[in-house]
Amino acid sequence: MRNLLDPTDLTVAEIDEIMNLALDIIAHREKYSEVCKGKKLATLFYEPSTRTRLSFTAAMMELGGNVLGFSDANSSSVSKGETVADTVRVISQFADIIAMRHPKEGAPLVATQYATIPVINAGDGGHSHPTQTMTDLLTIRREKHRFDHLTVGLCGDLKYGRTVHSLIKALGRYEGVRFVLIAPEELKLPDYIKKDVCDKNGLSYEEVSTLEEAMPKLDVLYMTRVQKERFEDLAQYERLKDSFILDEAKMALGKKDMIVLHPLPRVNEITYGVDKDPRAAYFRQVENGKFVRMALIYTLLRWKEQGKESTANAQTQCVVGPSCAHARCITLEEPVEHLYYKESNGSCRCIYCETPMGEK
């Protein structure tokens, strides 16, 4: 049975298949209006969400299916102390597929160990957000007509931004993609992403400290919020924040065919004046999210019926280790075995949150 926990769960060929299906859905919506008739999607959202939850709901409804679930963990048995494992065991009796968002990293992986139906990760802490990545990819495909040979700027919170981490993993598998990392020192891309994704796969990237330096080079600019709450020194935040606000003056430095993406919600990192620029694709991106989730739901349900298994990743050796030290790892809350991926160099990473063994 196939699940979607991370963009790399899908091969490049499978991503292209899902993109093509999404494009066909856009062109022939009536053809897909009842393909999931009689099927039920369970949306298990343990933390607040507007776009992602409603996008999944709209996607299943437009496929002719039904939706059940919860949008607040406090309104479910979670408030009584029920584990993710027990919740998905129960939900598997009621639904055909699950979309789960959880603040703890690795929670959807725990869900797959107990569910008897496909699980889609709708965001787990700062770890991964594969359906947002698929949304980003469909938007790039529709706007730029390719994934290869693009220079992609990633701006804002690159340390905790799960959308950024997922997008690097997905786009990095295409030829000639180059990343420009635009962030304050406090919110730079984590070393494990640089080493295990960028360096390991020979990806080209550079780090810059202002948007002005990056703008003339970019085909795609992916904006995220510089989070005030991540700074211990507020004076430092005040000094840096304007460097990472996209306005009309900075847009004037960009290519005429550049596009601007944002996972939303925005706060002040893109001024409202930018919305009028035809290169601002972030609201078109929202609609693409519905179409790509339609394609994903339909595909995973078909793959389950066909008994299709994953060929995306080679078998990775796992070893039992000590408790993960990462404060947001699901292993601190769930009674699961503490397993680690063993790398070729002997180092180990938690299979749930990807934190190196012993690192917080």
Side-chain angles (χ1 to χ4, degrees), residues 3-7 41-60 67-91 95 97-115 118-136 156-167 187 190 224-230 262-267 269 285-286 289-290 293 296-297 324 326-334 336 350 352-355:
N3 304 289
L4 181 62
L5 303 180
D6 186 89
L41 166 72
T43 53
L44 310 185
F45 277 64
Y46 290 75
E47 64 178 359
S49 169
T50 301
R51 277 150 299 278
T52 304
R53 183 174 61 84
L54 294 181
S55 181
F56 269 110
T57 299
M60 190 54 157
V67 183
L68 54 99
F70 55 82
S71 58
D72 180 358
N74 291 325
S75 65
S76 73
S77 291
V78 176
S79 63
K80 302 174 185 176
E82 185 174 62
T83 62
V84 166
D86 283 356
T87 296
V88 298
R89 281 187 176 113
V90 172
I91 296 299
I97 188 167
I98 290 170
M100 173 185 283
R101 168 166 289 186
H102 200 288
K104 295 295 182 179
E105 297 173 15
L109 175 55
V110 172
T112 65
Q113 296 167 355
Y114 297 93
V119 175
I120 301 174
N121 179 5
D124 61 329
H127 179 227
S128 189
H129 196 350
T131 65
Q132 179 63 54
T133 299
M134 297 298 284
T135 298
D136 303 337
D157 180 1
L158 309 189
K159 183 175 183 179
Y160 300 100
R162 59 191 171 197
T163 58
V164 168
H165 302 168
S166 293
L167 187 59
L187 298 177
T224 66
R225 180 169 66 94
V226 175
Q227 301 177 75
K228 184 177 182 179
E229 61 269 25
R230 302 297 187 189
H262 192 302
L264 301 177
R266 68 169 164 188
V267 181
E269 61 277 6
Q285 188 179 355
V286 173
K290 179 186 69 175
R293 290 180 176 102
L296 276 168
I297 291 168
C324 183
H326 183 43
R328 292 189 299 277
C329 184
I330 190 62
T331 59
L332 302 182
E333 292 189 358
E334 296 277 325
V336 297
C350 174
Y352 299 95
C353 66
E354 297 191 74
T355 301

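The analysis underlying the following values was restricted to heavy atoms, covering all of them including side chains, and did not include hydrogens, waters or symmetry mates.
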### Message
Could you check whether Thr131 and Arg293, counting side-chain N and O atoms only, form a donor-acceptor pair closer than 3.5 Å?
### Response
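Side chains of Arg293 and Thr131: pair found under 3.5 Å.
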### Message
Checking Arg101 against His129: is there a side-chain donor and acceptor pair closer than 3.5 Å?
### Response
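Their side chains do contain a donor-acceptor pair, which is all the 3.5 Å distance test asks for.
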### Message
Exactly one of Asn3, Leu5, Leu44 should register a side chain to side chain contact (heavy atoms under 4.5 Å, CB included) with Pro108. Which one does?
### Response
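One option only clears the test, and that one is Leu5.
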### Task
Report the residue from Thr43, Asp124, Val84 that forms a side chain to side chain contact (heavy atoms under 4.5 Å, CB included) with Met100.
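Between Met100 and the candidates, side chain to side chain contact (heavy atoms under 4.5 Å, CB included) is satisfied uniquely by Val84.
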Provide the closest heavy-atom pair for [X] versus [Y] in the form atom of the first, atom of the second, distance.
{"X": "Thr133", "Y": "Ser166", "answer": "OG1-CB, 2.8 Å"}
{"X": "Lys104", "Y": "Ala327", "answer": "NZ-O, 3.4 Å"}
{"X": "Leu332", "Y": "Cys324", "answer": "CD2-O, 3.5 Å"}

### Task
Indicate the ring-plane relationship of Phe45 and Phe56, choosing parallel, tilted or perpendicular according to the 30° and 60° boundaries.
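It falls in the perpendicular class, over 60°.
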#### Entry: Pair Glu105-Arg328, salt bridge (Lys or Arg N to Asp or Glu O under 4.0 Å): steps then yes or no
CA-CA 6 Å; Glu105 297 173 15; Arg328 292 189 299 277; 3.3 Å; yes
### Query
Do the non-hydrogen side-chain atoms of Ile91 and Thr87 ever get within less than 4.5 Å of each other?
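Side-chain contact under 4.5 Å: yes.
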#### Entry: Heavy-atom side-chain contact between His165 and Pro190 under 4.5 Å
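Yes, their side chains come closer than 4.5 Å.
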### Message
Taking NZ in Lys290 as the centre, count heavy atoms belonging to other residues, nucleotides or ligands within less than 6.0 Å. Is the count above 12?
### Response
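Counting neighbours around NZ of Lys290, more than 12 heavy atoms of other residues, nucleotides or ligands fall under 6.0 Å, so yes.
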### Query
Out of curiosity, Leu109 CG to Ser128 OG, how far, rounded to the nearest 0.5 Å?
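Output value for this atom pair is 11.5 Å.
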